[in-house]
Enquirer: 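Sending over a structure as structure tokens; questions will come in a sec.
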Amino acid sequence: MASQGKKLINDPNDVVTEFIEGLVETYPGLQYLDGFPEVKVVLRADHASAMLDKVAIISGGGSGHEPAHAGFVGEGMLSAAICGEVFASPQVDAILAGIRAVTGPMGCLLIVKNYTGDRLNFGLAAEQAKSEGYKVETVIVGDDCALPPPRGIAGRRGLAGTILVHKVAGAAADAGLSLDEVAAEAKRASEMVGTMGVALSVCTLPGQVTSDRLGPGKMELGLGIHGEPGAALADLQPVEVVVSHVLQQILSPEGTSYINFAYFTDIINDALIVFIVELLQETNYVPITRGNRVVLLVNGLGATPGMELMIAAGKAVPQLQLEHGLAVDRVYTGSFMTSLDMAGFSISIMKADEAFLQRLDAATKAPYWPVGVDGNRPPAKIPVPLPLSHSAKSDESLSRPQQLSDQGHLLEVAIEAAVNAIIDLRDNLNEWDGRVGDGDCGSTMYRGATAILEDMKKHYPLNDAAETVNEIGSSIRRVMGGTSGIIYTIFCKAACVQLKANTQSVVTSKQWAEALEASIAAVSKYGGASAGFRTLLDALIPASAVLQERLNAGDDPCTAFLLSSEAAVAGAESTKHMQAQFMQAGRSTYISSDILATVPDPGAMAAAAWYRAAALAIKNNYQLHE
């Protein structure tokens, strides 16, 4: 059922003039002629100087195809764009005004899409300008490959391939070529490009209802940029299949049609039978054969997300290379010539040579011409870089030592005790988390703990404290999902960086304390939490403070570590008394104060458990090395 289309506009009658006003406010290199509403012409702000010794390039047509054509006005492309009302050819007086404004002694070239209204109005304006003494040439662009050539008097429609013609002509003019030379290059470009579009919806004109001509699950092949019906209706197919059909149609040799009518679900009536017969008679749209170099332009029709356009481009390139034997030298993907809010895309293929590529790569200040596309194409994929620590160290240095040093043995004992504490606490953690979160804290921590145990037996370089902590982080990142996995990975990476600052082989107790402090700072920085937010930091922050305090007071490291672990446990237990607050972090953000008052934070309890277990293991086995 048709419905009123939603538009962010004011008066539907003012959309074109208000678009132009917004465009020139956005881009200071553009101006417009003060002739609203009859004269709607966008031109280069530097047109006065450019017209002295350069051919002017003028194009235009009905509005509703933005950014075409006004968005391609600028040095190196169009000198002026003549804007008609939505889907209506501009008036002759407006075209004449544009010619007079930007044309100097070198003359001007009119690039006109092949629609009857545009041809007539631009043609009359050209003849009037010539009678006034201006040198004017015209190139008609008809790049549509959806309809069989020839189409009587009308011929093939002008579509997004016109933008490539704009670029070639604009660069040729900017290089100082004469009017005849610029016109010749533009004409040759127009003969080398073919375009076909596919629409998933029709467009909605400002102030009008949205048509429901295309039903659900349907797409239309060859739909015109003004919403006029296309060649045929088909079931919606995966984009790879759609791209294949479009490319085959554009590149089909004379006497052959590659459109697969098996996909068409409409009843084949007399008109469609005539279309098929005509299509089979002559479909040699562009002179492109295997071994040629080409340029690909994937154009959004107005409502197609950039992601979908890039997917289409990514499928088109290998098909052109492998199935059609073509060298793809340039790829332009984006919205160039739209149809208001139509969903769909068109593909344009242009036969390329070095001369065309130089014109396409030439600098331009046109605001909507894509940047970063010029130049030869490097390989699309490169290897994933390895971490510097892996590339700089040998495999032997990142494997479990055959013999552990005193520090290595101490690390092993502490790590084993810490992870076993988490394993034993799994059910309690899940129970607490089930009351304040999603109930998987224990299971998540258990996965990390078991992975650490398994990996430590195989490849932890226990004699290297920094790399061992780094490998713990790698084990956690591999198996622990959610926020906890990321937090503990950050925790380990920050500790590793701090420990690596030590150039000695043995890490002192104060250096371990500094590593803990650095880890807490990193977790707070990236997670946004601090003390009192009901997170693991409520256990670790008091532990770090006591550890630093006792070491500075001269306590032996083992005693300092044990006292700090008691502070960790007390801090974790205190989370059940913390009230919800606006700036809370983690799972507790969304839980009521009544529930929080009865349950400790599972993350804090887990942190206290592994910290306390490691301290007890150190006490029962070895003293921390100074």
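Excluded from the calculations below are hydrogen atoms, water molecules and symmetry mates; all remaining heavy atoms, backbone and side chain alike, are included. Computed from a prediction, not measured in an experiment: that's the story for all the values here.
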Enquirer: Before accepting this row, confirm whether a basic side-chain N of the pair Glu191/Arg188 lies closer than 4.0 Å to the acidic partner's carboxylate O.
Expert: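 No, Glu191 and Arg188 are not salt-bridged.
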Enquirer: Please identify each residue that fulfils ring pair (Phe, Tyr, Trp, His ring centres under 6.0 Å) with His226, with sequence neighbours left out.
Expert: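 Only His65, Phe87, Tyr115 meet the ring pair (Phe, Tyr, Trp, His ring centres under 6.0 Å) criterion with His226.
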Enquirer: Under the ring pair (Phe, Tyr, Trp, His ring centres under 6.0 Å) test, which residues partner His166, sequence neighbours left out?
Expert: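 His166 satisfies ring pair (Phe, Tyr, Trp, His ring centres under 6.0 Å) with His69 only.
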Enquirer: Which residue pairs pass the ring pair (Phe, Tyr, Trp, His ring centres under 6.0 Å) test when at least one of the two sits in residues 170-197, sequence neighbours left out?
Expert: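 Non-adjacent pairs meeting ring pair (Phe, Tyr, Trp, His ring centres under 6.0 Å): zero.
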Enquirer: For residues 179-205, which residue pairs pass the ring pair (Phe, Tyr, Trp, His ring centres under 6.0 Å) check, not counting sequence neighbours?
Expert: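 Sorted result for residues 179-205: empty, none.
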Enquirer: Partners of Tyr332 by ring pair (Phe, Tyr, Trp, His ring centres under 6.0 Å), sequence neighbours excluded?
Expert: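 Partners of Tyr332 under the ring pair (Phe, Tyr, Trp, His ring centres under 6.0 Å) test: Trp369.
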Enquirer: Treating Lys135 as the side-chain partner and Val55 as the backbone partner, does any N or O pair qualify as donor plus acceptor under 3.5 Å?
Expert: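 No: the side chain of Lys135 does not pair with the backbone of Val55.
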Enquirer: Would you say that Ile99 contacts Glu132 through its side chain, given a criterion of any heavy-atom pair below 4.5 Å between the two side chains?
Expert: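 SC-SC contact between Ile99 and Glu132 ruled out.
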Enquirer: Quick one, Thr162 and Met337 - any side-chain contact, counting heavy atoms below 4.5 Å?
Expert: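 Yes, side chains in contact.
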Enquirer: Tell me, do Lys113 and Ile225 make a side-chain contact under 4.5 Å, heavy atoms counted?
Expert: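 Result yes, sub-4.5 Å side-chain heavy-atom pair found.
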Enquirer: Name all residues meeting the side-chain hydrogen bond (donor to acceptor under 3.5 Å, both in side chains) criterion together with Asp11; count only those two or more places apart in sequence or in a different chain, and write none if there are none.
Expert: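 Listed in chain order: Asn13.
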Enquirer: Who passes side-chain hydrogen bond (donor to acceptor under 3.5 Å, both in side chains) against Glu66, sequence neighbours left out?
Expert: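 In terms of side-chain hydrogen bond (donor to acceptor under 3.5 Å, both in side chains), with neighbours along the sequence ignored, Glu66 is linked to no residue.
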Enquirer: Cationic tip of Arg330 within the cone over Phe356's six-membered ring, i.e. under 6.0 Å and within 45° of the normal?
Expert: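 No, Arg330 does not lie over the aromatic ring of Phe356.
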Enquirer: Under the side-chain hydrogen bond (donor to acceptor under 3.5 Å, both in side chains) rule, collect the residues that match up with Gln31, sequence neighbours excluded.
Expert: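 For Gln31, no residue satisfies side-chain hydrogen bond (donor to acceptor under 3.5 Å, both in side chains) once neighbours in sequence are set aside.
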Enquirer: Is a donor on one side and an acceptor on the other found under 3.5 Å between the side chain of Glu137 and the backbone of Leu179?
Expert: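 Judged by distance alone, no pair lies under 3.5 Å.
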Enquirer: Can you find a pair of side-chain heavy atoms, one from Met51 and one from Val102, that are under 4.5 Å apart?
Expert: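 No, their side chains stay 4.5 Å or more apart.
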Enquirer: Any pair with a residue in residues 170-223 that passes ring pair (Phe, Tyr, Trp, His ring centres under 6.0 Å), sequence neighbours left out, goes on the list, sorted by first then second residue, please.
Expert: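 As it turns out, there is no ring pair (Phe, Tyr, Trp, His ring centres under 6.0 Å) pair with a partner in residues 170-223 once direct neighbours are skipped.
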Enquirer: Go through the structure and list residues passing ring pair (Phe, Tyr, Trp, His ring centres under 6.0 Å) with Phe36, not counting sequence neighbours.
Expert: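 So Phe36 forms a ring pair (Phe, Tyr, Trp, His ring centres under 6.0 Å) with Tyr32.
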Enquirer: By the definition side chain to side chain contact (heavy atoms under 4.5 Å, CB included), identify the one residue from Asp353, Leu326, Ile349, Val286 that meets it with Asn292.
Expert: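 Result for side chain to side chain contact (heavy atoms under 4.5 Å, CB included) with Asn292: Leu326.
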Enquirer: Which ring pair (Phe, Tyr, Trp, His ring centres under 6.0 Å) pairs, counting each pair once, include a residue from residues 171-217, with sequence neighbours left out?
Expert: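 Matches after skipping sequence neighbours: none remain.
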Enquirer: Return the set of residues passing side-chain hydrogen bond (donor to acceptor under 3.5 Å, both in side chains) with Asp329 (not counting sequence neighbours), or none when no residue passes.
Expert: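 Checked Asp329 against side-chain hydrogen bond (donor to acceptor under 3.5 Å, both in side chains); matches are Arg293.
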Enquirer: Given Ile311 and Phe345, is the side chain to side chain contact (heavy atoms under 4.5 Å, CB included) satisfied, shown in steps?
Expert: CA-CA 11 Å; Ile311 292 172; Phe345 66 89; over 6 Å; no
Enquirer: For residues Ser201 and Asp341, determine if any side-chain heavy atom of one lies less than 4.5 Å from a side-chain heavy atom of the other.
Expert: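 Counting from C-beta outward, Ser201 and Asp341 never come under 4.5 Å.
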